[in-house]
Amino acid sequence: MSRIDYEQRVEMIKTLREMGVDPYPPDVKPDYAVSEITENADAYMGKTVSLAGRIYSIRFHGKLAFADIRQNGFQIQAMFRKDIMGDEPYKFLKKYVDKGDFLWIKGEVIRSKRGELSILAAEIRLAAKAMYDLPHEWFGIEDMRTRYRQRYLDILINKDSFDVFVMRSRIVSGLRRYLEDMGLMEMETPVLQPVYGGASAKPFKTHVNAIDRDYYLRISDELYLKRLIVAGYDGVFEVAKDFRNEDIDTTHNPEFTMVEIYKAYVDYNDMMDMTEGLIRHLAETNGATTVTIGGKNIDLTKPFRRVKMLDMLAEKGITDRTTDEELKAMLEKYNLKLPAYNRGQALGKLFEKLCEDELVDPVFVIDHPKETTPLCKIHRSDPSLVERFELYIGGMELANGYSELNDPQLQEHLFREEAERRDLGDVEAHEYDEDFIEALRWGMPPTGGVGIGIDRLVMVLTQKDSIKEVLLFPMMAPINAENHEN
RNA sequence: GGGCCUGUAGCUUAGCUAGGUAGAGCGAUCGGCUCUUAACCGAUAGGUCAAGGGUUCGAACCCCUUCAGGCCCGCCA
């Protein structure tokens with residue numbers, strides 16, 4: 001594609017160099033951030049300051065010009081008067097400075113006749129030249145392919161995108177601060193694991209040359225964090241990138257971020273309290289306690305309901321009187337596949353199918369059948385269940401937590417059952433992790449744990465209905481060299 | 001994996017179920033303008049209509065294939 005702007009800029013840069021003007025000078029030093037001036041306009045009024053930023057718009061009126069200068073999310077208007085800055089600099093501005101360029105300006109802080117906070121340029125300096133025209137902010141960039149593949153352009157042009165990732169950053173730092181204030185420590189555990197565990201998912205496989213072994217990218221860091229509880233740290237967490245080799249859609253990306261949190265001497269009830277407190281705190285500090293996502297209104301201010309999974313199934317007519325044959329027929333009807341039937345997993349699948357979408361306002365679904373996970377403590381009052389919770393918001397699963405299983409013999413037994421299920425063809429059954437069981441044999445205190453999907457949490461708090469909107473660089477198929485022209 | 005929709009200038013798009021030289025706004029370039037902020041006025045340039053193949057005298061348009069994306073469904077967080 002011919003871009004005349006690009007070719008013109010190539011020429012212009014050549015000319016600038018011949019004139020002795022460096023289009024990419026190394027020593028541009030503004031005295032003030034734009035935000036400092038805009039946030040304290042009155043204090044700086046009449047003072048001479050220097051600042052720098054990108055030109056988003058420039059409007060010439062003969063011997064007068066206005067530009068919008070933006071830096072780090074803050075914008076200020078620059079005013080250029082030929083009689084103040086001089087003929088040559090004004091001519092230079094008109095001829096060699098374009099929208100999209102970075103400009104350094106020194107001048108007096110004033111207000112224009114219309115009252116707009118401005119810096120009246122006495123001196124200017126080209127800080128960095130751009131080679132493309134900046135697309136007009138008014139129209140924005142709407143094409144998803146451009147927005148996701150050239151995210152820097154999306155963020156540059158679309159203010160909403162800029163703000164989403166500011167919010168994401170604040171949410172994650174707020175989360176870390178909240179957990180640290182609770183006395184928890186962030187730990188870093190391996191991304192490359194010889195045995196993948198902690199969740200049901202298909203992994204990415206890789207090979208470690210140094211020891212000539214196949215490794216996996218982690219699907220979870222649960223089993224490592226629990227080893228750290230064994231090790232004697234009573235509260236740990238990790239904001240972790242996890243990797244699952246599954247489909248890409250509006251709520252799934254192959255790499256995603258999950259915070260897992262483990263704390264000794266608490267159970268799943270305590271972890272629900274903590275999860276709820278954390279999410280409400282993040283909602284309040286990011287100014288959105290009632291949100292709309294995908295047309296659904298969600299109220300984060302009310303206490304999160306806690307409902308037993310079996311009670312929700314009972315509302316759908318599935319009770320302990322429902323026979324296995326009837327359950328199998330229902331699985332068939334909804335096209336749900338279980339490599340090897342067992343009642344607990346069947347109930348879990350049917351729950352997801354029948355109930356999940358209805359869970360708009362935050363709700364903890366608790367007390368799952370024990371076959372749904374091998375890492376959770378058996379329920380203190382019903383041996384067919386486990387002390388597990390899942391938090392749903394807006395029809396999405398946002399968090400999953402347990403009273404952690406710390407009985408090494410039972411853990412070994414449950415892992416063997418998972419192994420049998422693998423042999424029957426369940427590719428998502430947990431791998432047998434001998435090293436983890438060995439750790440449990442040394443003794444793990446009673447522990448509560450939870451994993452919270454950060455991307456989905458950010459979706460809720462920023463009111464976005466696609467995970468791609470909250471991932472800086474969502475996974476996209478690479479553009480074929482034959483089709484690629486820019 | 002199944003269904004529906006989309007891809008036209010740097011950006012936003014019209015034209016596609018009437019097959020007949022591809023149009024606009026913004027942006028760019030040149031000129032004018034001392035208070036604009038989607039600035040304005042005048043002129044100019046800018047297109048392999050996602051890619052490939054077919055039908056046709058003639059294809060952005062009809063057909064086939066491919067690529068990329070979106071939405072819904074199925075499966076996993």
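Just the heavy atoms: all of them, side chains too, but no hydrogens, waters or symmetry mates, feed the values below. Throughout, protein chains are lettered first and strands after them, A, B, ... in sequence-line order, and every chain is numbered starting at 1.
Between A:M12 atom CE and B:A28 atom C1' the separation is 10 Å, expressed in whole Å. A:I157 places its CD1 atom 14 Å from the P atom of B:G27, with the value rounded to the nearest Å.
Listed by chain and number, the residues in a side chain to side chain contact (heavy atoms under 4.5 Å, CB included) with A:K353 are A:Y334, A:L336 (sequence neighbours excluded). The salt bridge (charged side-chain N to carboxylate O under 4.0 Å, His left out) search around A:R17 returns none, not counting sequence neighbours. Residues satisfying the side chain to side chain contact (heavy atoms under 4.5 Å, CB included) criterion with A:T257, sequence neighbours excluded, are A:R168, A:V239, A:K241, A:I454, A:D455. Checked against salt bridge (charged side-chain N to carboxylate O under 4.0 Å, His left out), A:D83 has the following partners two or more places apart in sequence or in another chain: A:R81. Applying the salt bridge (charged side-chain N to carboxylate O under 4.0 Å, His left out) criterion to A:D133, with sequence neighbours excluded, gives A:R9. Legend: residues meeting ring pair (Phe, Tyr, Trp, His ring centres under 6.0 Å) with A:Y196, ordered by chain and number and at least two apart, are A:Y216. Residues satisfying the side-chain hydrogen bond (donor to acceptor under 3.5 Å, both in side chains) criterion with A:K159, sequence neighbours excluded, are A:D163. Applying the salt bridge (charged side-chain N to carboxylate O under 4.0 Å, His left out) test to A:R227 and every residue at least two apart in sequence or in another chain returns A:D433, A:D435.
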Shorter than 3.5 Å, N or O on both sides, protein versus nucleotides 69-73 of chain B: list them out with atom names.
{"from": "B:G69", "atom 1": "OP1", "to": "A:R149", "atom 2": "NH2", "distance (Å)": "3.1"}
{"from": "B:G69", "atom 1": "OP1", "to": "A:A477", "atom 2": "N", "distance (Å)": "2.9"}
{"from": "B:G70", "atom 1": "OP1", "to": "A:K468", "atom 2": "NZ", "distance (Å)": "3.0"}

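If you check every strand for non-hydrogen atoms under 4.0 Å, A:E390 touches nothing. No engagement by A:E137 is indicated, since no non-hydrogen atom pair under 4.0 Å with the nucleic acid exists. At the heavy-atom level, A:G451 lies nowhere under 4.0 Å from the strands shown. Within 4.0 Å of A:Y6, counting heavy atoms only, lies no atom of the nucleic acid at all. Residue-level contact check: A:T146 touches neither bases nor backbone, having no heavy atom under 4.0 Å from any strand.
Spacing of P atoms, B:G20 relative to B:G46, comes out at 24 Å, to the nearest Å.
Aromatic pair A:H61/A:F66: ring centres closer than 6.0 Å.
Comparing atom distances between the A:D83 side chain and each of B:C33, B:U34, B:C35 picks out B:U34 as nearest.
Syn is the classification of B:A18, since its glycosidic angle stays within 90° of 0.
Between A:E255 and A:R244 there is no salt bridge, since no side-chain nitrogen of the basic residue lies less than 4.0 Å from a carboxylate oxygen of the acidic one.
Position along RNA chain B of the nearest nucleotide to A:I58 versus A:D143 favours A:D143 as the more 5'-ward residue. Comparing A:G115 and A:D133, the nucleotide of RNA chain B nearest to each residue sits closer to the 5' end for A:D133.
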Q: Using a 4.0 Å cut-off on protein heavy atoms (strictly under), produce a 5'-to-3' string for nucleotides 38-43 of chain B with B for base contact, S for backbone-only sugar-phosphate contact, and - for none.
A: BB----
Only distances under 3.5 Å count here; give the side-chain donor-acceptor pairs of residues 87-95 of chain A to other protein atoms, sequence neighbours excluded, each with its distance to 0.1 Å.
{"from": "A:Y90", "atom 1": "OH", "to": "A:G62", "atom 2": "O", "distance (Å)": "2.7"}
{"from": "A:Y90", "atom 1": "OH", "to": "A:L64", "atom 2": "N", "distance (Å)": "3.1"}
{"from": "A:Y90", "atom 1": "OH", "to": "A:L64", "atom 2": "O", "distance (Å)": "3.2"}

Q: Taking Watson-Crick and G-U wobble pairs with both distances under 3.5 Å, convert RNA chain B into its dot-bracket string, 5' to 3', dots for unpaired and | for cross-strand pairs.
A: (((((((..((((......[..)))).(((((.......))))).....(((((..]....))))))))))))....
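A:Q463 places a side-chain N or O within 3.5 Å of a backbone atom of A:T292 that can act as its donor or acceptor partner.
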